[in-house]
Protein chains: 2
Amino acid sequence: MRRLKKERQQALKDSIRTNPFVTDEELSAKFDVSVQTIRLDRMELAIPELRERIKHVAVKTYEDEVKSLPIDEVFGEIIDIELDERAISIFDVKPEHVFQRNKIARGHHLFAQANSLAVAVMNDELALTVKSELQFLRPVTAGQRIVAKAQVVERNPEKNRAHVKVVSSVDQATVFVGTFEMYRMTEQSEGDEQ
Amino acid sequence: MRRLKKERQQALKDSIRTNPFVTDEELSAKFDVSVQTIRLDRMELAIPELRERIKHVAVKTYEDEVKSLPIDEVFGEIIDIELDERAISIFDVKPEHVFQRNKIARGHHLFAQANSLAVAVMNDELALTVKSELQFLRPVTAGQRIVAKAQVVERNPEKNRAHVKVVSSVDQATVFVGTFEMYRMTEQSEGDEQ
DNA sequence: CCGCTATTAGCACTTGGTACTAATACGAGT
DNA sequence: ACTCGTATTAGTACCAAGTGCTAATAGCGG
């Protein structure tokens, strides 16, 4: 009987992990044991009751929602900015930013950090990217911190254009270089493109 | 008293919206009315009980989690692919992809779709972007569907390089053009960059 | 003072449990 | 055959956070 118990407990764990919304009664029917046995199993496995499980899932989601808004908005935290001149942001590469296969950060995250910084450094907050040239020089992996430095290198107020150069590095080594031609949107015009 | 009731119910709605984890008892203390009054208010406002509220939040998160994994992995759904030749993906621009101010899609989403497609079209799944040139020709707004078409235009198997051209359009109008120089990673080499 | 709404109180019942005690089954060891 | 130990089952009291229902009370408007 000992083997049966362990197997059941393993299956129980799996069941609850894949569907945390299952009640003891449903589990008791599924495994054809009494509700009490399910309860004992949960005790031994330190699995909390249905309501607590649901609550944990809900709380997690709730916190995620609150967190995701501001972080997502900037893509990299801006730590220094002098409008129309230069700006610096940092971006910590996490497991969700990399390819599963080789753990190398996906290009669009580097681009997102650099492009967002280019948008931010423009004095007008309504700036759009028109053109861009990028070089991905070295792979970046999870756990590394990318420091992006943006510099406004050319201004052309008549045409509402400006050029921004962004250099991103990890531990002093340059990993990415991008130049961005930006269009400044004035209030009325619904101009070019981002 | 009628005014007081309406005000309380409005405040009650707000309270529960900002914190769905609050019990009737806590609310009764907060608004200095009986628990029964809170219950009546909830009935009139059709607000479900604590456990149901929590469950809804949890279920939502749960579904989101399941959904987010595959979608996030590709950035745009690939609808046609012929390896080493061409590929097509679609990406529906949603409110979360645009600038709040002018509702124009952020550049990195267009880049992400195009870059991911360039990676996908490469036969080796371990492809990294080395260089890239982009043009953002027209603004894209929330609700529009971007169709990206990638074409492998140059192959150089000796150097493990290839060029991919991606053209993205909305309703037949080109909104974005990008060229990507890709590096094919072989099993051993931990080569260039993405 | 009547009527009306709002509020409060109280009770039985529900779900999905916890905590605890007790009974029963069943095989292993001696 | 008897006993030990583990596993399982049953049953009871209790809890949180409610629903559903009935009834009492407060306060004011006319």
Side-chain angles (χ1 to χ4, degrees), chain A residues 1-70, chain B residues 1-70:
Chain A
M1 276 283 159
R2 195 162 295 151
R3 193 167 295 151
L4 274 172
K5 185 185 178 183
K6 287 209 169 164
E7 278 170 26
R8 186 191 57 233
Q9 292 193 341
Q10 185 55 49
L12 191 81
K13 251 200 247 181
D14 291 345
S15 281
I16 292 176
R17 190 174 29 230
T18 60
N19 176 22
F21 302 93
V22 68
T23 63
D24 286 358
E25 208 163 298
E26 289 165 349
L27 289 165
S28 112
K30 178 168 184 174
F31 294 110
D32 201 31
V33 293
S34 71
V35 173
Q36 281 77 2
T37 302
I38 297 293
R39 311 244 222 249
L40 283 172
D41 286 346
R42 276 200 298 103
M43 304 245 142
E44 288 181 25
L45 299 168
I47 296 171
E49 60 164 300
L50 170 69
R51 285 146 174 163
E52 289 305 311
R53 294 195 302 264
I54 291 180
K55 207 170 178 177
H56 280 143
V57 174
V59 168
K60 206 179 60 186
T61 330
Y62 206 69
E63 286 171 349
D64 280 357
E65 262 175 34
V66 175
K67 259 189 292 178
S68 72
L69 280 175
Chain B
M1 275 286 157
R2 194 162 296 151
R3 193 166 296 152
L4 274 172
K5 186 184 177 184
K6 286 210 170 164
E7 278 170 26
R8 186 191 58 234
Q9 292 194 340
Q10 185 54 50
L12 190 81
K13 251 200 245 180
D14 291 345
S15 282
I16 293 175
R17 190 175 28 232
T18 60
N19 177 22
F21 302 93
V22 66
T23 63
D24 287 359
E25 208 164 298
E26 288 165 348
L27 289 165
S28 112
K30 179 169 183 174
F31 293 110
D32 199 33
V33 292
S34 71
V35 173
Q36 281 75 2
T37 301
I38 298 293
R39 310 244 222 249
L40 284 172
D41 285 346
R42 275 200 299 100
M43 305 246 142
E44 288 181 26
L45 299 169
I47 297 171
E49 61 164 300
L50 171 69
R51 286 146 173 161
E52 289 305 311
R53 293 194 303 262
I54 290 180
K55 206 170 179 179
H56 280 142
V57 174
V59 167
K60 205 179 61 187
T61 332
Y62 206 68
E63 286 172 348
D64 281 357
E65 261 173 36
V66 174
K67 260 188 294 177
S68 73
L69 281 175

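Chain identifiers are assigned alphabetically (A, B, ...) following the order of the sequence lines, protein sequences preceding nucleic acid strands; residue numbering begins at 1 within each chain.
- Residues passing the side chain to side chain donor-acceptor pair (under 3.5 Å) test with B/Arg42, sequence neighbours excluded: B/Asp24.
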Dump the pairs, protein N or O against N or O of nucleotides 21-25 of chain C, anything under 3.5 Å, distances to one decimal.
none

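- With sequence neighbours excluded, no residue forms a salt bridge (Lys or Arg N to Asp or Glu O under 4.0 Å) with B/Asp32.
- One finds the CG atom of B/Asp41 at 11.5 Å from the CD atom of B/Gln10 (value rounded to the nearest 0.5 Å).
- Remark: A/Ser28 pairs with no residue by the side chain to side chain donor-acceptor pair (under 3.5 Å) rule, at least two apart or across chains.
- Scored by the salt bridge (Lys or Arg N to Asp or Glu O under 4.0 Å) test, A/Glu49 finds A/Arg51 as partners (sequence neighbours excluded).
- Here the closest heavy-atom approach between residue B/Phe21 and residue B/Glu26 is recorded as O-OE1, 4.3 Å.
- Nearest approach of A/Leu50 to A/Pro20, heavy atoms of both residues: CD1-O, 3.5 Å.
- Between A/Gln9 atom CD and D/dT8 atom C1' the separation is 12 Å, expressed in whole Å.
- By the 4.5 Å heavy-atom criterion applied to side chains, A/Val59 and A/His56 are not counted as neighbours.
- Taking CE of A/Met43 as the start and CG of A/Leu40 as the end, the distance is 7.5 Å to the nearest 0.5 Å.
- The NZ atom of A/Lys55 sits 12 Å away from the P atom of D/dA16 (whole-angstrom rounding).
- The side chain to side chain donor-acceptor pair (under 3.5 Å) test applied to A/Lys13 returns no partner, not counting sequence neighbours.
- For A/Glu44, the side chain to side chain donor-acceptor pair (under 3.5 Å) test picks out A/Lys5, A/Gln9, with sequence neighbours left out.
- For DNA chain D, the neighbouring residues in residues 24-33 of chain B, judged by any heavy atom under 4.0 Å, are B/Asp24.
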With Watson-Crick and G-U wobble geometry limited to distances under 3.5 Å, how should the secondary structure of DNA chain C be encoded in dot-bracket form, using | for bases paired to another strand and [ ] for crossing pairs?
||||||||||||||||||||||||||||||

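- Nearer the 5' end of DNA chain D, as judged by each residue's closest nucleotide, is the contact made by A/Gln36, out of B/Thr23 and A/Gln36.
- Contacts of B/Glu25 classified as side-chain contact (heavy atoms from CB on, under 4.5 Å), with partners at least two apart in sequence or in another chain: B/Thr23, B/Val35.
- Interatomic distance, B/Ile16 CD1 to B/Ile47 CD1, rounded to the nearest 0.5 Å: 4.0 Å.
- Taking CZ of B/Phe31 as the start and OG1 of B/Thr37 as the end, the distance is 12.0 Å to the nearest 0.5 Å.
- One interatomic measurement links the two molecules: CZ of B/Phe21 to C1' of D/dA17, which rounds to 15 Å at whole-angstrom precision.
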Detail all sub-3.5 Å separations between protein N/O atoms and N/O atoms belonging to nucleotides 22-25 of chain D.
none

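- With a 4.5 Å cut-off on side-chain heavy atoms, B/Arg53 and B/Val22 count as touching.
- Rounded to whole Å, the distance from NZ on A/Lys6 to C1' on D/dT6 is 13 Å.
- Near-neighbour residues of DNA chain C inside residues 37-53 of chain B, defined by a heavy atom below 4.0 Å, number-ordered: B/Thr37, B/Leu40.
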